Every structure is written in structure tokens, then in C-alpha cells.
Amino acid sequence: MLDDARQAVNETVEELSLMGALRHLQSLEHRTELLEAVLHFYCEGRIHAALQQFKEGLATLGVLDQVTSNPQTFEKIFLQDTASLKASDIVGLFQPRCRSLPASNRRRMEARTIAFWEDWLLEVEGGLALPSPLSMSSFLPQA
């Protein structure tokens, strides 16, 4: 059985090395450590970059601070709610802060961007967003 495990490791040396999980098997207990290292890579390592990008996106809009300071409020949205998500639900979560001076060109651009965001949400809700029809829940993580 140990020889079979060693053979399997030899067949996947490159992959295990890239994962940082390559180990010499001296016993079957080492096989368990190897499996844990591979699982760690897949369960935590591979999704780490995606989670970081998701958090950065939420932080850009100021949502991450709200999620971390009010987790109970967002728990229903991210985990438990079975009702269909609507554009108004998402718009209601955000309080855009324009940082430019009133009546300036930059302020108009900020207001236009917010309007485009809200229009896009309505298009998604109505099944008109391209490419291919999107749903409101398709851009939020699935539990």
C-alpha cells in the first residue's frame, strides 16, 4: 500500500511541487499529511486570489466596511434569503458619495456613473443585460 502511494506521488511530482505539497512518503501517516496539504491548496490556496478580488471590489464601493461592521444585516442577503434579488435591493444598500465639487464636470461624471450602474442593474433584473441574460443573483456568490 505504501508502494502504491509512492508510485502515485512519483506520477504527480510536477503538480505536487507546484502546490507546495511534495513530500517523501516514509509511512502511511505521511500520505495523510500529503493529502491535507493538497486539500489546503485547493480549498484555501486556489480561492484566495478570488476572495481577495471580491473583498477589494466590495471595499471599492465601501460595502466591505459595512459588511464587516454589520454582519447580521448582510447575512440575510449573502446566505439565507431565498427571495429574488431586485435592483432596488442592491441600490438601497449603497449610499454613493460624490467627492467632487457640486456643478463641476467631475461631479457630473460621478452622477452619470451612478446612473449607469443603476440602469445596468435594472437591465439585469429585466433580463436585458448582455452577454447572455444575467440574473441579479448571478454576480453574487452562491452559498
Side-chain angles (χ1 to χ4, degrees), residues 1-100 104-143:
M1 188 147 188
L2 182 59
D3 289 335
D4 291 338
R6 286 181 177 154
Q7 179 64 31
V9 168
N10 286 337
E11 291 173 6
T12 58
V13 166
E14 289 180 34
E15 292 86 356
L16 292 172
S17 180
L18 288 172
M19 292 179 208
L22 184 61
R23 290 168 173 59
H24 177 71
L25 300 181
Q26 296 177 352
S27 68
L28 290 179
E29 289 82 28
H30 288 118
R31 180 187 68 168
T32 303
E33 291 174 11
L34 174 67
L35 289 173
E36 287 176 0
V38 169
L39 288 173
H40 175 76
F41 172 81
Y42 276 106
C43 294
E44 295 178 24
R46 288 193 71 162
I47 65 169
H48 181 74
L51 284 174
Q52 284 303 111
Q53 185 178 10
F54 180 64
K55 288 168 75 174
E56 288 171 9
L58 291 176
T60 300
L61 298 171
V63 176
L64 184 60
D65 292 335
Q66 293 297 320
V67 170
T68 54
S69 63
N70 304 304
Q72 295 81 15
T73 304
F74 287 88
E75 182 177 2
K76 181 180 176 188
I77 295 167
F78 285 109
L79 300 175
Q80 297 174 349
D81 198 359
T82 57
S84 296
L85 189 61
K86 297 181 183 141
S88 59
D89 296 332
I90 294 178
V91 170
L93 290 173
F94 300 101
Q95 298 300 319
R97 291 172 284 182
C98 293
R99 299 175 192 259
S100 302
S104 68
N105 287 337
R106 281 180 132 334
R107 184 57 146 311
R108 281 190 276 279
M109 288 173 43
E110 289 171 349
R112 190 173 180 198
T113 301
I114 293 166
F116 283 150
W117 164 248
E118 292 173 356
D119 287 347
W120 181 79
L121 288 172
L122 290 171
E123 287 178 10
V124 170
E125 184 178 67
L128 303 173
L130 297 175
S132 75
L134 297 171
S135 68
M136 292 303 291
S137 60
S138 67
F139 55 88
L140 292 176
Q142 300 289 319

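Residue indices begin at 1 and follow the sequence shown. Nothing here was measured: the structure is a model prediction, and the numbers come from that model.
- No donor-acceptor pair under 3.5 Å is formed between the side chain of E123 and the backbone N or O of L128.
- Partner of K55 under the side-chain contact (heavy atoms from CB on, under 4.5 Å) criterion, chosen from V63, T68, V67, L64: L64.
- Considering only residues two or more places apart in sequence or on other chains, N70 meets the side chain to side chain donor-acceptor pair (under 3.5 Å) condition with Q66.
- Here E36 pairs with T32 under the side chain to side chain contact (heavy atoms under 4.5 Å, CB included) rule; sequence neighbours left out.
- Separating the CZ atom in R6 from the NE2 atom in H30 is a distance of 10.0 Å, to the nearest 0.5 Å.
- Considering CE of M109 and CG of N105, their distance stands at 8.0 Å, rounded to 0.5 Å.
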Verdict with reasoning, L121 to E125, per side chain to side chain contact (heavy atoms under 4.5 Å, CB included)
CA-CA 6 Å; L121 288 172; E125 184 178 67; over 6 Å; no
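- Considering only heavy atoms from C-beta on, L122 stays 4.5 Å or farther from E118 through its side chain.
- The distance from atom OG1 of T113 to atom CZ of R106, rounded to the nearest 0.5 Å, is 10.5 Å.
- Using modelled atom types, one finds no donor on one side chain facing an acceptor on the other under 3.5 Å when comparing Q52 with E56.
- Residues forming a side chain to side chain contact (heavy atoms under 4.5 Å, CB included) with A37 (at least two apart in sequence, or on another chain): A21, R23.
- The side chain to side chain donor-acceptor pair (under 3.5 Å) check on S100 picks up E110, with sequence neighbours excluded.
- The side chain to side chain donor-acceptor pair (under 3.5 Å) search around D4 returns none, not counting sequence neighbours.
- Under the rule for a side chain to side chain contact (heavy atoms under 4.5 Å, CB included), the partners of T12 that lie at least two apart in sequence or sit in another chain are E15, L16.
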